[in-house]
4 protein chains.
Amino acid sequence: MTVQDVSTTKVDIDPRVERSRVQVLHATLELLGEVGYGDLTIEAVAARSGVAKSTIYRHWKGKLELVTDAFHEMKVAEPPPAPGPVAQRVTDLLMDIARNVIGTDWRVNCLPALIEASARCPEVADVSRDLAEAGMSRVKAVLDDGVAVGELPAELDTMLLADALTGPIFLRGLFHRRPVQPDEVPGLVALLLPSPPSSP
Amino acid sequence: MTVQDVSTTKVDIDPRVERSRVQVLHATLELLGEVGYGDLTIEAVAARSGVAKSTIYRHWKGKLELVTDAFHEMKVAEPPPAPGPVAQRVTDLLMDIARNVIGTDWRVNCLPALIEASARCPEVADVSRDLAEAGMSRVKAVLDDGVAVGELPAELDTMLLADALTGPIFLRGLFHRRPVQPDEVPGLVALLLPSPPSSP
Amino acid sequence: MTVQDVSTTKVDIDPRVERSRVQVLHATLELLGEVGYGDLTIEAVAARSGVAKSTIYRHWKGKLELVTDAFHEMKVAEPPPAPGPVAQRVTDLLMDIARNVIGTDWRVNCLPALIEASARCPEVADVSRDLAEAGMSRVKAVLDDGVAVGELPAELDTMLLADALTGPIFLRGLFHRRPVQPDEVPGLVALLLPSPPSSP
Amino acid sequence: MTVQDVSTTKVDIDPRVERSRVQVLHATLELLGEVGYGDLTIEAVAARSGVAKSTIYRHWKGKLELVTDAFHEMKVAEPPPAPGPVAQRVTDLLMDIARNVIGTDWRVNCLPALIEASARCPEVADVSRDLAEAGMSRVKAVLDDGVAVGELPAELDTMLLADALTGPIFLRGLFHRRPVQPDEVPGLVALLLPSPPSSP
DNA sequence: CTTTAAGCGAGACGGTACGTCAAGTCTTCGT
DNA sequence: ACGAAGACTTGACGTACCGTCTCGCTTAAAG
């Protein structure tokens, strides 16, 4: 450990390790898309990636950790904060979420497995919480923005409202199995978004 | 088919079959709650239920079919409709749900497993839908009642509102892993329940 | 049990029992020929014979007893005592045995299984002994005859000689797996059969 | 293939593989002696040997191949050739065999299983032949010796006589289930062993 | 000429073993 | 020294038969 290590942090990582890591995560993502989480096999990841099973186990504790890692690899780019009235921006955001829940986005395909795993294992629950809040924070940010510019009441519990807006979308998608259609989103927003404080 | 057939319909089901069926489904639900869908093994169901593996396979094609059948047994008894102002009745209902999500109610323990299984198999998804809607209908019924007695606006989409009220409770419990506490429920109701139409 | 029962012994056997018995033994023999003893299953016998498994178990204790019974069903007809010199008659008999051991006679095909089963179970050993001695007695009878007519020494241990004559045939067929060919039989007889007592 | 290959031939066999192999074959022979071929179970071999079932299947295709391999391990050490008159030496040898057949020598306990397996599979039959001939060759060697020193007729078919001498012992032990007692051996030898050529 | 008891088929039951597969660990070798 | 290769133990899979056991139905006999 020398001084410059501090600044370059990971400069001297064994290139083989990095190569394995990339190949394995790539294969994992491919397979997740093809067979889903439930049928994903470490054996198959090893075969597909050309990396030995033992190497995979050396770097990841198991399927869950591997998938979690792969998931992290695919952080969504935050969309730039758009201008316009809050109601419109919220609607856009929720329609985007609704479309993802309906579609075959592989990240969403992992949600049931994530929820299930969260119920059994606190570490996964932490991951789940992080992901959930990261997703939610986009909605909350817009709402906070609305409060800031006076389009929404000052005393609004924006966190709670964000959950109330997204809750039905996930609930219907995952549990009711009757997903909210994008064109139902405006009705949802209209129902839940408080009227702006009357400006005298 | 004669008239008396109606009354005897299933009279001649082999009692052994029924006995096995009950024991197996009971054990399945127990285990689903304990280890989840992913780690549920037929072997364990056999051991827990005292029914031989071969007997299980004689009646169910595999894990999925078994679990589907088991979930069907989950139906809850409807509580009697209570009197009082709508806001209060809704709040009571949601607090009850919130308490269940927090607690260790075995039906709730099975929810993650149910969601996970639903994602893999349309038949289970149908079961999930039935259960979800049965649960939701209690809330919707109260809201409909509120509309009927004029405590809520006539044009209210009660189904959507029911989802918006219960959504956050399940979402936070299952996904956010930061369950709604019963004492947060009144705030939720206050935030989402529309004011009664002003009575002139 | 009345007096005349004694004389009619089996007269009043339920015809259904006899019908089952015949069908089952017939199917057993068929299957023995097709798949051998090792792969014979009671399930298959039931299917082939159209007789229910439970009925089979009602009459026979298991596979071994069933096969033993079937075996008994096929008692060989004793060939008529032929005339001629003893050496010739012995040779004929042994050539017949040698041909059976070489061929695919199903009775011989069961011998390995019989020997194996005999080693594990005294009851089967008794069956084996009976069959072995029944087969051997044909040879011994001829030898005894030879002693009687003076073609063989009076003090001859005919039992032992019978075993010495048949022994190599079975031993080579079953253990050496290099069966005695029929044309080797005369040499065997010549080697082992004592010369007739010199007649002064 | 060069010279030093001979010495190193199998040097780099994974020691774990060899360890498994030895343990499994040993357990197999033990069990063959105890329960026979028909009731031999791979599951039991795994349990007895402490080697996992999957490892057994990795190395052997099934029961038959396993048993074949195990029988190969059965080779006996040749006893040194003893001096003395041929009749005496033959008698000693046969009494030894007779004692083994009566006793509980584990190799003999496997004979029924070996015969049974031989009947079902040519590869095992080859093993059986090898073992049979190895055993027989001890007797034949003495007889050949007798011919060489002039105690037995020059034209004697020693192989055939060896079979005739051992045949009854095995036949009575395995099939008749009335084993030749050691004290019957001299009679057998006296009956079958040709008189020495009269020395003028 | 009906009872009555047997023999019957159907097939569910608890089991054992099969042969396969993946999980996750551990050992050996080669670079 | 570390990664690749792959053998190892473990345990569940889903299948096939085992031998036992009700069940009603049919059928032969005995009253």
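It should be emphasised that the depicted structure is a prediction, and the values quoted were computed from it without experimental measurement. Proteins come first, then strands; the chains are lettered A, B, ... in the order of their sequence lines, and each starts at number 1.
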What is the separation between atom [atom1] on [X] and atom [atom2] on [N], rounded to the nearest whole Å?
| X | N | atom1 | atom2 | result |
| --- | --- | --- | --- | --- |
| C/L31 | F/dC17 | CG | P | 12 Å |
| A/L64 | E/dG24 | CG | P | 11 Å |
| A/Y57 | F/dG3 | OH | P | 17 Å |
| C/K61 | F/dT20 | NZ | P | 11 Å |
| B/E18 | F/dC23 | CD | P | 15 Å |
| B/D39 | F/dC13 | CG | P | 11 Å |
| C/R19 | F/dT27 | CZ | C1' | 11 Å |
| D/I56 | F/dC8 | CD1 | C1' | 13 Å |

Do D/L66 and D/Y57 come within less than 4.5 Å of each other through their side chains, counting heavy atoms only?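 Counting from C-beta outward, D/L66 and D/Y57 never come under 4.5 Å.
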Within-4.5 Å side-chain heavy-atom neighbours: D/E116 and C/I115: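 No - every pair of side-chain heavy atoms lies 4.5 Å or more apart.
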Check if the side chain of C/K53 and the base of F/dG19 share a donor-acceptor pair of N or O atoms closer than 3.5 Å.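 Flag set: donor-acceptor pair detected.
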Is a donor-acceptor contact shorter than 3.5 angstrom present between the side chain of D/S54 and the base of E/dT20?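 No.
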Minimum-distance pair of heavy atoms, taken over all atoms of C/K63 and C/G38: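 Scanning both residues, the minimum pair turns out to be NZ-O, 3.4 Å.
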If you look at every heavy atom in C/W60 and C/R21, which pair is closest and at what distance?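 Taking every non-hydrogen atom into account, CH2-CA, 3.9 Å.
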Tell me which of B/I42 and C/E43 sits closer to the 5' end of DNA chain F, going by the nucleotide each one is nearest to.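 Its nucleotide being nearer the 5' end, the pick is B/I42.
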Specify the residue among A/A52 and C/P15 whose closest nucleotide of DNA chain F lies further upstream toward the 5′ end.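 Counting from the 5' end, the first nearest nucleotide belongs to A/A52.
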B/T41 side chain, from C-beta outward: closest of F/dC8, F/dC13, E/dG19: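 Between F/dC8, F/dC13, E/dG19, the one nearest the side chain of B/T41 would be F/dC13.
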Compare the minimum distances between each of E/dG15, E/dA12, E/dG19 and the side chain of B/R16, then state the nucleotide with the smallest one.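 Comparing E/dG15, E/dA12, E/dG19 against the side chain of B/R16, the answer is E/dA12.
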Determine the contact category for A/G62: base if any of its heavy atoms lies under 4.0 Å from a base atom, sugar-phosphate if only primed atoms, P, OP1 or OP2 are that close, otherwise nothing.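 Touches nothing.
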Establish, with yes or no, whether the OP1 or OP2 oxygen of [N] is under 4.0 angstrom from a side-chain nitrogen or oxygen of [X].
| X | N | value |
| --- | --- | --- |
| D/R58 | F/dC8 | yes |
| A/S20 | F/dA4 | yes |
| A/T55 | F/dA4 | yes |
| C/H59 | E/dG7 | no |

Is A/H26 atom NE2 crowded by more than 12 heavy atoms from other residues, nucleotides or ligands, each under 6.0 Å away?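 Atom NE2 in A/H26 is not crowded, with 12 or fewer foreign heavy atoms closer than 6.0 Å.
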Considering heavy-atom distances to DNA chain E, does D/L40 or A/L40 have its closest nucleotide positioned more toward the 5' end?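 Its nucleotide being nearer the 5' end, the pick is D/L40.
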